[in-house]
Amino acid sequence: MECHSKDSWPKRSQIKERNACRKKSKPWKASTSTGVSMNEIVTRFPPSPTGHLHIGGARTALLNWLYARHHQGKFILRIEDTDTERSSREMTDSILQAMDWLGLHWDEGPYFQSTRFELYHQHIDWLLEKGLAYYCSCTPDEVEAMRQKAWNAGEKPKYDGSCRELGLGPGPGRVVRLKAPLSGQTVYQDLIKGQNAVDNRELDDFVLRRADNTPTYNLAVVVDDALMGINTILRGDDHISNTPKQVLLYQALQFERPSFAHVPMILGPDKKRLSKRHGAMSVLEYKARGYLPGALINYLVRLGWSSGDQELFTREELIEKFTLNSMGKSACVFNQEKLDWVNGRHLKQIPPSDLAAELRTRLRNRGLPGVDEAYAEKIVPLLQPRSQTLEQMAEQAVFFAQETEDIPYDPEMLDKFFTTELKQYLRDLLGRLERLQDFSQAAQEELLAEFLQEKDIKFKRIAQPIRIALTGKKASPGLFETMEVLGRDRTTARLRRALTQAEGSGKQTASAST
RNA sequence: GUCCCCAUCGUCUAGCCCGGUCCAGGACACCGGCCUUUCACGCCGGCGACGCCGGUUCAAAUCCGGCUGGGGACGCCA
């Protein structure tokens, strides 16, 4: 407790001052922390650094961010690393990196729970002092037996309260449990699901402090959320059954209760909770695969949320339109195809100059370094309509980047398209292209039209052979735009080489067919 | 097993709160067509859903109940 005064415990009334004090001594982000209004919405995203930021977590973060932004509130990032065994610095970095890439910038934090243990202990001690919590000496095995017993009796598995009235003091192997109410109901209002009430008999005296002297999740979240002034807890509905416990803690600690909003979860195609089994679920993996942050956000927000019939949104539109009223209640299935489509649509909207660097990097990763900025910028617009991801774009840009002698020609294709007659045409055309003054699309088209008329053939006949010569593939962007971007040198060199290759491999077939 | 949450096309959803305008609208995917130098893009069209049973009502996707189905939680994980 950085700024805590010596006298131990915290009257609730001191909390405001404590917060004020924190702000002074730790100006995480001084600019936004000032001039805060009383009703300001404060949300948070509390990832546990035990893995990469995955799709599900990203959506939770996104929703919290959007909600805060929409209401001009504050979005706090808190790293829940109380599980020192499974938490790691690498994962923390990875999560921050993913958040940053998605553009989900936080106003405060990141706070680390591992640096706040003393705070949690003060609150636990206070509960102990007030008789709202107690020491328990039951071993994990004994508790397990109690659960088993309850299960067998057709009841909800829970701790039976053996130590509740024993008045035990601290000791090795002892945990601290909350003295939860034995009857009545715990009721709370959910911004999305409406009112929820749970019979207190369903709840048990859950652990607040473990035998190893570390605080548990439920205790730490409540203390942090309350002290950080978080007033809107927006999270996955897998937390619904935790909520009554936390409400109990808010009450016991005399904290003001926040609003809860439980959003439906994202399911895999098998309708099971999203997990590693479902493939690449890490946000950074999507980045690597060529998805755009704006598109991912667009897709993610549409999972459970909608605004009329609109499918595509800019970041600004989302901030403007996002409300919890239009949030659905039921779980939804993650659909890769739709994401691809959304990504494709976003991709087409981006100015080519913004994509050029990305394309160059991805080409370089494929061992094709020979594409400069200007060339890349010309390639991009040809590929934008044909790509759903940046990787697809790079994939299709390969022939632009390859050296002429590296363009692979499939002998079968050469045989099929480079007949003797066609070769004659192509040789003729090659000469004309070499002499063409202005190597622009328009000039090429004009030249071609003349040529076709002269030879009295249809464009269809020579289009595919040319395409194969230039790209090595049977699918590519339009011929003229491709030639213009490739430039005269590459275009003519490739035609020449294809002709030569066809001479070698296609000979027999060509002569045989004549 | 117990508790909680949820329920419109294969998927994401609009409509449901404030019953009639819904023989249910949009999007992805799929199928067909148009455009066309290939592949895409784009455009047009098609396929396709109110889980079931009761109740309330002149009238129910919309309100109520039950059932079924799906999901989640039941940790000294978060």
Side-chain angles (χ1 to χ4, degrees), chain A residues 46-50 80-83 85-87 113 136 138-140 143-144 147 150-159 173-177 190 192-194 196-199 201-204 206-218 220-221 236-244 262 264-265 267 269 271-273 299 302-312 325-326 328-342 344-345 348 382-388 392 396 448 458-464 466-468 471 473-480:
Chain A
S48 169
T50 53
E80 311 222 315
D81 55 352
T82 52
D83 184 343
E85 285 296 303
R86 302 195 301 141
S87 299
Q113 288 193 322
C136 165
C138 298
T139 65
V143 176
E144 182 48 40
R147 291 207 177 89
W151 176 290
N152 293 339
E155 284 161 26
K156 191 159 184 158
K158 48 185 230 182
Y159 172 68
R174 289 184 185 175
V175 300
V176 174
R177 288 179 183 277
D190 191 298
I192 292 170
K193 311 259 185 188
N196 189 205
V198 173
D199 201 305
R201 278 168 304 195
E202 292 298 322
L203 275 20
D204 69 352
F206 57 95
V207 173
L208 304 178
R209 180 151 68 206
R210 304 184 185 98
D212 68 0
N213 212 37
T214 56
T216 58
Y217 165 74
N218 280 121
V221 221
D237 68 12
D238 49 330
H239 280 283
I240 284 183
S241 45
N242 270 329
T243 308
H262 289 101
M265 310 219 306
L267 274 22
K271 300 229 177 187
K272 295 280 183 223
R273 194 191 173 134
Y299 175 70
R302 282 283 292 101
L303 247 27
W305 179 86
S306 62
S307 177
D309 284 342
Q310 190 170 351
E311 294 287 350
L312 272 4
N325 309 336
S326 32
K329 296 181 180 182
S330 46
C332 40
V333 174
F334 186 85
N335 184 238
Q336 182 70 42
E337 272 112 37
K338 180 110 181 225
L339 201 213
D340 286 347
W341 176 79
V342 172
R345 294 293 297 251
K348 291 168 186 46
L382 307 202
L383 265 21
Q384 267 175 311
R386 294 157 233 272
S387 315
Q388 289 193 312
Q392 282 176 16
Q396 297 179 89
L448 234 298
K458 291 233 174 86
F459 182 39
K460 249 190 159 113
R461 287 200 63 197
I462 55 164
Q464 210 55 350
I466 296 177
R467 185 185 317 284
I468 286 164
T471 70
K473 303 187 301 180
K474 44 193 190 315
S476 81
L479 235 31
F480 299 114

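Below, read A as the first sequence line, B as the second, and so on, with proteins coming before strands; counting in each chain starts at 1. All values derive from a computational prediction rather than experimental measurement.
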(message) Please give the distance between the C1' atoms of B:rA59 and B:rG20 as a whole number of Å.
(response) 6 Å

(message) Is the base of B:rA27 stacked against the aromatic ring of A:Trp341, taking ring centres under 5.5 Å apart and planes under 30° as the test?
(response) no

(request) Choose from B:rA78, B:rU38, B:rC76 the nucleotide whose nearest atom is closest to any side-chain atom of A:Lys460. (result) B:rU38

(message) Say we look at B:rA7 and B:rU57: how far apart would their P atoms be, to the nearest angstrom?
(response) 26 Å

(message) Quiz question: by atom type and distance under 3.5 Å, do the side chains of A:Asp212 and A:Thr214 form a donor-acceptor pair?
(response) yes

(request) Indicate yes or no for a side-chain donor-acceptor contact from A:Asp190 to the backbone of A:His262 under 3.5 Å, with no hydrogens or angles considered. (result) yes

(request) With the side chain of A:Pro157 defined as its heavy atoms from C-beta on, choose the nearest nucleotide among B:rG1, B:rG25, B:rC28. (result) B:rG1

(message) Quick check on A:Arg386: does its CZ atom have over 12 non-hydrogen neighbours (other residues, nucleotides or ligands) under 6.0 Å away?
(response) yes

(request) Looking at every strand, decide which applies to A:Phe206 at a 4.0 Å heavy-atom threshold: base, sugar-phosphate, or nothing. (result) nothing

(request) Identify the heavy atoms of A:Glu80 and A:Gln113 that sit nearest to each other, and give their distance. (result) OE2-NE2, 3.2 Å

(request) Write down the distance between CZ (A:Arg273) and P (B:rG70), rounded to a whole number of angstrom. (result) 18 Å

(message) Under the criterion side-chain contact (heavy atoms from CB on, under 4.5 Å), I'd like the reasoning laid out for A:Phe334 against A:Leu339: C-alpha separation, chi angles, the key distance, then a yes or no.
(response) CA-CA 9 Å; A:Phe334 186 85; A:Leu339 201 213; 4.1 Å; yes

(request) Just compare B:rC5, B:rC76, B:rA27 and give me whichever is closest to any side-chain atom of A:Pro140. (result) B:rC76

(message) Is there a side-chain contact between A:Lys271 and the phosphate of B:rU11, meaning an N or O under 4.0 Å from OP1 or OP2?
(response) yes

(request) Take atom C1' in B:rU68 and the same atom in B:rG54, then report the distance between them in whole Å. (result) 14 Å

(request) Examine B:rA78: is either OP1 or OP2 under 4.0 Å from a nitrogen or oxygen in the side chain of A:Thr82? Give yes or no. (result) yes

(message) Between B:rG72 and B:rC35, how far apart are the two C1' atoms, rounded to whole Å?
(response) 50 Å

(message) What's the closest nucleotide to the side chain of A:Lys338 if the choices are B:rA73, B:rC28, B:rU38?
(response) B:rC28

(message) What contact category does A:Leu479 fall into here, base, sugar-phosphate, or nothing, at under 4.0 angstrom with non-hydrogen atoms?
(response) base

(request) Using the P atoms only, state how far B:rC31 lies from B:rC39, rounded to an integer number of Å. (result) 15 Å

(request) Could you tell me whether the phosphate oxygens of B:rC5, OP1 or OP2, come under 4.0 Å of any side-chain nitrogen or oxygen in A:Asn196? (result) yes

(request) Describe the nucleic acid contact of A:Pro477 in one word from base, sugar-phosphate, nothing, applying a heavy-atom distance below 4.0 Å. (result) base

